[in-house]
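Reading through the structure tokens given below for one structure.
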Amino acid sequence: MVECRAMIGTPEQDAFISRSIVAMVGTVRRDGGPSASMVGIARHGDSLLFSTVASRVKGRTIARDPRCVVTIINENEPGSFVSVEGTVVAHLDNAPALREAMYSFWDVAASVHSKSNWHRGGADSTRKLFAEPGRAVYQVTPVRVSGWLLDPPVEAVRGELAP
Amino acid sequence: MIGTPEQDAFISRSFAAIASTVRVDGTVASSMIFYGRDGDRLLFSTVQDRVKGRTLARDPRITLCITNTNEPNSFVTVQGSVEAYLENPADRREALYRYWDVVANLHPGAAWHHGGREATEQLFTQPGRAIYAVTPVRVSGELLDPPVLLIS
């Protein structure tokens, strides 16, 4: 697991966030309705990072209303989730240092996700994709954390986490 | 049919989703639900006076991001509108159980395998429980996983 000094939620929620790489990002549409889609998520200290295209739905809704919710899931632990509500800052310069922070996180965390694109050798294609024009890095500062963690993690107990 | 044939098939082999609803302050609240497909509607059970139930009583708009542990890089988003069955009808609960009886076989780690119908019925008949039915309005998503062997 990635060592992190800072804390986002409870120790258990923090540990879950540190071993997970996928989340659903929920944002507010112009009409007030909820919009949601999947992203690769990376923990960076006590903030969360993801990449998207600034002109797509997520980018446009965030530009209008920076309130978002990041619900982290983990295919090794079906039924568990941690929901992080917070405010998001768009790094429209596509922050190279933050992108590197995402890659460093996934280099470690994706090792227990044998089906993930990153683990399957998609690291280079992810780097290429995230460097494309129009891409931006989004950084979420947590405000409220909730969720449900099944204890103990089912697959971890079976010893099936290692690829 | 919900969405494209590929999206429709993904929905029919999955049962977990992140449900997003609108809080009174306009922000989005999200949590995990287990759904069952009932024709072109998606059913789930929750407690009326919890966040999902309270937010839906005020604003029936909901977005379900459907996820599948067998295909962790794929998702289908169903935006829709919810109808609440506050009387918690037994035939809607039965529709959920029938769906999970089939779909859980594709998910070896599913909670349905531990306790199944009896344990779930006990939970879903507790006071305050209700059934919610989502009618899809807009469907999107990405199916990025290569075809996988679902049952090893």
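Per chain, numbering begins at 1; letters A, B, ... match sequence-line order.
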Please determine if [X] and [Y] form a salt bridge, counting it only when a charged side-chain N lies under 4.0 Å from a carboxylate O.
{"X": "B/Arg92", "Y": "B/Glu83", "value": "no"}
{"X": "A/Glu85", "Y": "A/Arg67", "value": "no"}
{"X": "B/Asp38", "Y": "B/Arg98", "value": "no"}
{"X": "A/Glu75", "Y": "A/Lys115", "value": "no"}

Using a cut-off of under 4.5 Å for heavy-atom pairs, which of [options] has the most such pairs with chain A?
{"options": "B/Thr63, B/Thr21, B/Val76", "value": "B/Thr63"}
{"options": "B/Glu142, B/Arg23, B/Arg138", "value": "B/Arg23"}
{"options": "B/Ser20, B/Ala110, B/Cys65", "value": "B/Cys65"}
{"options": "B/Thr67, B/Thr27, B/Leu64, B/Thr77", "value": "B/Thr27"}
{"options": "B/Ser140, B/Ala29, B/Ser31", "value": "B/Ser31"}

[X], part contacting chain B, at a heavy-atom distance under 4.5 Å:
{"X": "A/Ser37", "value": "both"}
{"X": "A/Met24", "value": "side chain"}
{"X": "A/Val22", "value": "side chain"}

Q) Given B/Arg61 and A/Asp31, is the salt bridge (charged side-chain N to carboxylate O under 4.0 Å, His left out) satisfied, shown in steps? A) CA-CA 11 Å; B/Arg61 292 178 296 182; A/Asp31 67 3; 3.6 Å; yes
**Q.** Common cluster, B/Ile2/B/Val102, ILVMFWY with side-chain heavy-atom separation under 4.5 Å
**A.** no
Q | Option among A/Asp46, A/Thr87, A/Val84 that satisfies the side chain to side chain contact (heavy atoms under 4.5 Å, CB included) test with A/Thr141 | A | A/Thr87
Q | Residue, of A/Ser83, A/Gly26, A/Ala36, A/Ser146, that accumulates the most heavy atom pairs under 4.5 Å with chain B | A | A/Ala36
